[in-house]
> 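The following block contains the structure, expressed as structure tokens.
First listed ligand is number 1; within each ligand, the first listed atom is number 1. We count residues from 1, following the sequence as given. It should be emphasised that the depicted structure is a prediction, and the values quoted were computed from it without experimental measurement. What you see below is based on every heavy atom in this structure, not just the backbone, and it leaves out hydrogens, waters and symmetry mates.
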Amino acid sequence: MKVCMVGTGYVGLVSGAGFAETGATVVCADIDATKIAKLRAGEMPIFEPGLDELVARNVAEGRLAFSDDVPTSIANAQVIFIGVGTPMRPDGGADLSAVDAVALAVAQHATRECVLVCKSTVPVGTNVRVKRLVREAPHAVHVVSNPEFLKEGDAVNDFLRPDRIVVGVDPEDQFARDVMARLYHPLCLDRDRIVWMDPASAELTKYVANTMLAMRISFMNEIAALCEKVGADVHQVRLGVGTDARIGPKFLYAGPGYGGSCFPKDVNALVHTGREHGLELDLAVATELVNQRQKGVLFRKLRHHFEGDVRGRRVALWGIAFKPRTDDIRDSAALTLIDALLADGAHVVAHDPEGLDNARARYGDRVELATDPYAAAKDAEALVLVTEWGQYRNPDFERLRTTMRRPLLLDGRNIWSTYQLGQMGFTYEGIGVRAG
Ligand code: NAD
């Protein structure tokens, strides 16, 4: 099957390489010629565990190629995926201009009956909008909604071993259904994991999933604040509620607020869709409100330790990426903290195993970027743990205590709360937890 993946970012590159791995012939196309040139030279434009081997293998075996010629790539394909970005507009809605551009390109350049699959996260109604854009195409274009649920940091595994595959297709469109079933068959050999539904429900499912996960995080962040007031420990509360099989243990971690390119934009887009239909989605609104407040929690705590004035203080950050195992810093809580520290005149020095290039592109020399975590912490008056990379979980605390100017540890992920850091001479503070 000849597949064209339009948009070669986190979703497009992983999905394109993933389909190639199952035997399809895939061209990943993108208007970013620099990105395509890198890929052709064997360089990964993003960091995602396991992606480089997956890409290299499928390129070597002739199933995966890259192109900045989007029209020709579309012309040669039987199945065209839209994997472009759908960023947040200032009014909270999703910017669909890239999706529209791909649909119009398909209308213009498709050379045969084909299936156009929207993998990007798009608001309800986009399927109808895309259908309208391809109506005049000289060949039949079957439009399908197939939102992607992979998560950065584990994207390759998520794509090749998904919990479920949501496919929204019109009930009467047997052509599209057959193509989608065949395409995903290799990922369903042990059990059929395709959840078939109508396109509007598929579009909405993606937003509901992300908002529900975000809601759990925001709820626990509120509970963490309450724990601090009443002397409870959110770590223990999490264990207490998460062991209830009806609730489950995931996404119950208090922290510095969710970030990344998806949760904030998707919660906002869902709220926006509700408002367009005269509905105020109060829980989604509150989820985002709590998160915005939470994004400031590390700065508030830090300032408190410096009597309200961080000017001239050397503050070290461990972690810039919005979560571990990715280089993606979009909307990360670290950015909120760094921006606030810079605005108040602090000297910021930061380490991240994979996010330094993106941080450099954003901050230039306004932030000192260290390639070694202990070098970042040296002479610091505070060390703030923002992203729970594995290598930060059990650091050499003795080394930190002797090299930091002031032994203040602010743990945004509560990963050090059970260590006896007070006895080791540190001042320790987490988010809603008692120091060990
Ligand atoms: P990204 O920003 O990493 O990549 C988007 C790519 O699309 C870029 O390379 C850009 O150059 C390209 N592009 C933009 N306009 C184009 C056009 N007209 N023609 C061809 N290429 C074009 O984005 P992403 O993180 O991969 O997200 C893509 C979509 O998938 C979004 O809707 C997002 O919400 C959704 N999604 C993302 C994730 C994730 O973890 N990143 C997970 C699930 C779903």
Side-chain angles (χ1 to χ4, degrees), residues 4-18 27-39 44-49 51 66-74 77 80-89 93-109 116-123 126 130 133 145-159 162-166 202-203 205-211 213-214 258-270 321-332 358:
C4 170
M5 183 66 65
V6 188
T8 307
Y10 289 88
V11 163
L13 186 54
V14 172
S15 316
V27 173
C28 285
D30 204 291
I31 49 172
D32 183 341
T34 315
K35 190 179 266 192
I36 294 298
K38 261 191 173 181
L39 282 161
M44 283 302 110
I46 54 169
F47 170 75
E48 187 57 50
L51 184 62
F66 303 101
S67 175
D68 57 11
D69 181 352
V70 178
T72 305
S73 307
I74 287 173
I80 300 129
F81 278 89
I82 304 177
V84 298
T86 49
M88 189 164 78
R89 290 190 315 237
D95 179 347
L96 295 178
S97 52
V99 172
D100 289 353
V102 180
L104 288 170
V106 170
Q108 210 183 334
H109 300 289
L116 176 57
V117 189
C118 191
K119 200 167 245 325
S120 298
T121 303
V122 291
T126 305
V130 169
L133 292 172
S145 296
N146 170 219
E148 180 51 54
F149 293 91
L150 63 75
K151 53 186 179 307
E152 287 173 30
D154 209 13
V156 171
N157 187 51
D158 284 344
F159 184 81
D163 291 338
R164 71 340 195 162
I165 299 157
V166 170
E203 289 170 336
T205 297
K206 174 67 191 178
Y207 287 100
V208 172
N210 273 0
T211 303
L213 294 171
Y258 56 76
S261 68
C262 291
F263 282 11
K265 113 178 141 53
D266 292 350
V267 176
N268 276 295
L270 186 67
F322 84 96
K323 66 167 170 175
R325 293 160 60 87
T326 182
D327 61 345
D328 196 347
I329 66 169
R330 291 179 283 185
D331 241 326
S332 167
N358 285 330

> Among I82, D95, L133, whose side chain to side chain contact (heavy atoms under 4.5 Å, CB included) with D100 holds?
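Single side chain to side chain contact (heavy atoms under 4.5 Å, CB included) partner of D100 among I82, D95, L133: L133.
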> Do you see a donor-acceptor pair shorter than 3.5 Å between the side chains of D327 and Y10?
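Indeed, the side chains of D327 and Y10 share at least one donor-acceptor pair under 3.5 Å.
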> Is there a side chain to side chain contact (heavy atoms under 4.5 Å, CB included) between D328 and S261 once you walk through the steps?
CA-CA 8 Å; D328 196 347; S261 68; 4.2 Å; yes
> If I compare all heavy atoms of G260 with all of D331, which pair ends up nearest, and what's the gap?
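Closest pair (atom of G260, atom of D331, distance): O-CB, 3.2 Å.
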> Taking all atoms of both residues into account, what is the closest heavy-atom pair of R330 and F322, and its distance?
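Closest approach of R330 to F322, heavy atoms only: O-CB, 4.1 Å.
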> What residues come within 4.0 Å of ligand 1, counting heavy atoms only?
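Answer by chain and number: V6, G7, T8, G9, Y10, V11, D30, I31, D32, K35, G83, V84, G85, T86, A98, A101, S120, T121, E148, L150, E152, K206, S261, C262, K265, R330.
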> What pair of heavy atoms forms the shortest contact from T86 to V122, and how long is it?
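So the minimum-distance heavy-atom pair works out to CG2-CG1, 3.9 Å.
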